[in-house]
Engineer: 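My structure is below; once you've seen it, I'll send some questions.
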Amino acid sequence: MVKIGVLALQGAVSEHLHHIEKCGAEAVSVKKPEQLDDLDGLILPGGESTTIRKLMLKYGFLEPIRAFAKKGKALFGTCAGMIILAKDIEGDTEEEESLGLMDVKVRRNSFGRQVDSFEAGLDITGLDAPFPAIFIRAPHILSVNDHVEVLSTCDDRIVAVRQGNLLATSFHPELTDDYRMIGLFVDMAREAKVKA
Amino acid sequence: MVNTVVGTDRVKRGMAQMQKGGVIMDVVNAEQAKVAEEAGAVAVMALERVPSDIRKAGGVARMADPRIVEEVMNAVSIPVMAKARIGHITEARVLEAMGVDYIDESEVLTPADEEYHLLKNQYTVPFVCGCRDIGEAARRIGEGAAMLRTKGEPGTGNIVEAVRHMRKVNSQVRQVVNMNDDELMTAAKNFGAPYEVLKQIKEAGRLPVVNFAAGGVATPADAALMMELGADGVFVGSGIFKSENPEKFAKAIVQATTYYTDYKLIGELSKELGTAMKGIDIADLTLEQRMQERGW
């Protein structure tokens with residue numbers, strides 16, 4: 001069975017753990033970098049990206065996660081997690097480092113404040129029917145390079161991408177009872193495990 | 001064009017779910033908001049005065065000056081919450097129109113209506129409300145609250161009431177989950193809780209919205225204690241900016257909330273923090289002075 005971790009520094013952790021289990025994988029809540037060693041995949045959940053970034057830095061997660069990705073293991077960032085995966089965060093004034101793994105440029109809170117947060121049915125490459133996407137103070141991707149596959153857009157904004165072993169969405173699949181998106185990721189982790 | 005819907009339950013409750021495991025801090029100006037954001041707060045509550053100062057000042061406590069709220073909103077990228085008086089439709093609508101991310105219908109302010117709370121499912125903006133037991137929690141959810149918090153006893157720096165409220169709600173949730181279906185209606189009557197909400201709690205095995213700790217958190221150990229008791233996150237009111245060293249306190253409380261069972265770490269975080277806010281014994285407050293008695 002594949003073992004998937006959820007970075008548990010802050011945010012919607014239990015929701016992701018539930019989805020992972022529903023997809024037939026073992027779910028682990030990750031609070032220490034050494035827990036990464038026996039995982040096949042890692043989810044960076046939604047939450048407050050500034051908070052999660054600060055805690056990742058303080059508790060030494062950046063290098064171990066970069067090494068994890070380099071080994072070809074699967075990573076999935078939802079909302080805040082997508083921001084943290086991005087190489088380029090628009091207007092980033094934080095002097096602190098981020099993970100910087102995906103060749104994308106993101107804009108934070110790009111759909112407006114909480115009153116503008118919304119739900120929409122989206123077509124996503126790899127899924128047979130529209131997915132109920134929940135956007136909460138969501139970011140979107142402004143630009144990608146050739147290595148990145150765009151999986152979905154919402155009114156011309158890029159909201160789901162894949163780059164090899166990395167997956168990212170602006171929206172929160174973990175807030176729905178539709179397990180297909182996490183299922184897609186569990187499959188990625190399984191494939192990566194077979195290859196390794 | 002993709003068909004989109006705003007203000008759904010999932011969007012409102014989901015926003016609170018994104019705050020889980022985090023600390024929401026009371027601030028009274030842009031400068032404090034930046035300190036909070038820098039320390040790793042997941043949101044700030046913009047106020048004119050923190051609860052301990054509201055206690056001291058006496059008189060009627062109202063919604064903050066919109067200029068303060070606006071100033072805070074412009075200063076940080078994390079979500080900004082603000083308080084409206086219980087039942088004050090217009091204060092709530094004003095805050096919603098300003099684009100505040102969450103409204104606390106709060107007993108810290110002087111209630112505008114002594115009979116009715118806001119009908120919160122009529123708004124696009126989500127609401128958080130205080131509760132002391134499952135009846136109060138379920139009534140607020142019934143009105144549309146998308147997030148709950150303990151009432152505790154605000155502005156006292158005394159954790160005892162928040163502990164009481166968190167334990168009570170969680171113990172009553174366990175009771176409901178273990179009930180037979182035919183016992184639920186009587187439970188609804190006894191708890192003063194809407195039947196439909198109790199049914200949801202029983203089916204889901206938990207409250208349908210997150211429940212944070214609030215009202216008396218003064219130290220990193222207080223925050224960790226509340227997480228240990230099952231809080232989804234923590235509100236810190238007067239505890240941070242009434243302490244001797246707000247920046248250090250704020251950072252320590254954030255880390256203690258994440259690593260709430262790492263006692264060695266909490267010990268380290270608590271070293272030489274300086275003096276916490278001065279506290280008040282609940283027994284020294286008359287019934288009228290207890291903010292938790294406000295709301296129905």
Side-chain angles (χ1 to χ4, degrees), chain A residues 8-15 29 31-32 45-59 78-80 91-94 96 108-109 111-123 130 132-138 152-157 159 171-172 174-177, chain B residues 1-24 34 36-44 73 76-81 95-103 123-126 146 206 210 232-233 251 254-255 257-262 265 269:
Chain A
L9 299 176
Q10 190 275 316
V13 176
S14 60
E15 294 82 350
S29 161
K31 290 214 171 203
K32 300 257 160 78
E48 274 310 309
S49 61
T50 47
T51 306
I52 298 174
R53 269 174 78 178
K54 282 175 200 301
L55 290 167
M56 282 175 83
L57 199 71
K58 174 91 191 165
Y59 289 92
T78 59
C79 195
D92 195 10
T93 50
E94 303 222 12
E96 289 147 21
R108 304 174 61 205
N109 300 337
F111 293 88
R113 301 196 72 96
Q114 172 58 18
V115 286
D116 307 304
S117 292
F118 64 96
E119 291 190 28
L122 292 185
D123 290 322
I134 300 178
F135 291 82
I136 295 173
R137 290 171 42 95
S152 187
T153 58
C154 180
D155 289 337
D156 299 328
R157 295 176 181 205
V159 295
F171 53 89
H172 295 281
E174 76 280 10
L175 291 182
T176 68
D177 44 18
Chain B
M1 281 293 282
V2 177
N3 195 17
T4 64
V5 206
V6 297
T8 62
D9 276 351
R10 286 206 292 202
V11 161
K12 294 201 270 193
R13 292 173 180 184
M15 162 74 196
Q17 283 166 272
M18 294 308 135
Q19 305 265 293
K20 284 198 302 180
V23 182
I24 300 166
K34 282 185 182 149
E37 185 176 46
E38 188 51 38
V42 290
V44 289
M73 283 168 68
V76 294
S77 71
I78 56 176
V80 176
M81 304 186 170
L95 291 172
E96 180 180 51
M98 288 178 67
V100 160
D101 295 299
Y102 235 95
I103 297 177
Y123 297 70
T124 306
V125 68
R206 55 175 175 76
V210 303
D232 288 307
K251 280 188 181 152
V254 167
Q255 290 171 47
T257 302
T258 295
Y259 290 104
Y260 63 92
T261 54
D262 189 337
L265 174 73
L269 292 169

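The model shown is predicted, which means the values in this text are computed figures rather than measured ones. Proteins get letters first, then strands, A, B, ... in listed order; numbering begins at 1 in each.
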Engineer: Please give me the minimum heavy-atom distance between Leu175(A) and Met18(B), naming the atom from each residue.
Structural biologist: CD1-CE, 3.7 Å

Engineer: With a 4.5 angstrom heavy-atom cut-off, could you sort out which part of Val80(B) is near chain A: side chain, backbone, both or neither?
Structural biologist: both

Engineer: Is it true that atom NZ of Lys31(A) has more than 12 heavy atoms of other residues, nucleotides or ligands lying nearer than 6.0 Å?
Structural biologist: yes

Engineer: When only pairs under 4.5 Å are counted, which of Glu37(B), Met73(B), Lys251(B) shares the most heavy-atom pairs with chain A?
Structural biologist: Met73(B)

Engineer: How long is the straight-line distance from NE2 of His172(A) back to CZ of Arg10(B), given to the nearest 0.5 Å?
Structural biologist: 12.5 Å

Engineer: With chain A as the partner, which of Arg13(B), Gln17(B), Lys20(B) has the greatest number of non-hydrogen pairs under 4.5 Å?
Structural biologist: Lys20(B)

Engineer: Walk me through whether Val11(B) and Glu119(A) qualify under side-chain contact (heavy atoms from CB on, under 4.5 Å).
Structural biologist: CA-CA 7 Å; Val11(B) 161; Glu119(A) 291 190 28; 3.7 Å; yes

Engineer: Under a 4.5 Å cutoff for heavy-atom pairs, which residue among Ala43(B), Gly7(B), Pro126(B) has the most contacts with chain A?
Structural biologist: Pro126(B)

Engineer: Can you say whether Leu265(B) sits under 4.5 Å from chain A via the side chain, the backbone, both, or neither, judging by heavy atoms?
Structural biologist: side chain

Engineer: Hey, could you give me the CG/CG distance between Asp155(A) and Asn3(B), rounded to the nearest 0.5 Å?
Structural biologist: 10.0 Å

Engineer: Show the nearest heavy-atom pair for residues Ala120(A) and Val2(B), with the distance to one decimal.
Structural biologist: CB-CG1, 3.6 Å

Engineer: Against chain A, label Ala41(B) side chain, backbone, both or neither, depending on which of its atoms sit under 4.5 Å from a heavy atom there.
Structural biologist: backbone

Engineer: Any chance you could measure Gln255(B), atom CD, to Leu9(A), atom CG, to the nearest 0.5 Å?
Structural biologist: 10.5 Å

Engineer: Test side-chain contact (heavy atoms from CB on, under 4.5 Å) on Lys58(A) and Val254(B) and set out the steps.
Structural biologist: CA-CA 12 Å; Lys58(A) 174 91 191 165; Val254(B) 167; over 6 Å; no

Engineer: Using non-hydrogen atoms only, which part of Asp232(B) is less than 4.5 Å away from chain A: side chain, backbone, both, or neither?
Structural biologist: neither

Engineer: When only pairs under 4.5 Å are counted, which of Ala39(B), Gly233(B), Gly99(B), Pro79(B) shares the most heavy-atom pairs with chain A?
Structural biologist: Pro79(B)

Engineer: Heavy atoms only: give me the nearest Thr258(B)-Ala8(A) pair and the separation to one decimal.
Structural biologist: CG2-O, 4.2 Å

Engineer: For Ser77(B) and Asn109(A), which heavy atoms make the closest approach, and how far apart are they?
Structural biologist: O-ND2, 3.3 Å

Engineer: Where do Val6(B) and Asp116(A) land on the side-chain contact (heavy atoms from CB on, under 4.5 Å) test, with the steps shown first?
Structural biologist: CA-CA 6 Å; Val6(B) 297; Asp116(A) 307 304; 5.5 Å; no

Engineer: What's the spacing between Arg113(A) CZ and Met15(B) CE if we round to 0.5 Å?
Structural biologist: 9.0 Å

Engineer: Out of curiosity, Leu122(A) CG to Thr4(B) OG1, how far, rounded to the nearest 0.5 Å?
Structural biologist: 10.0 Å

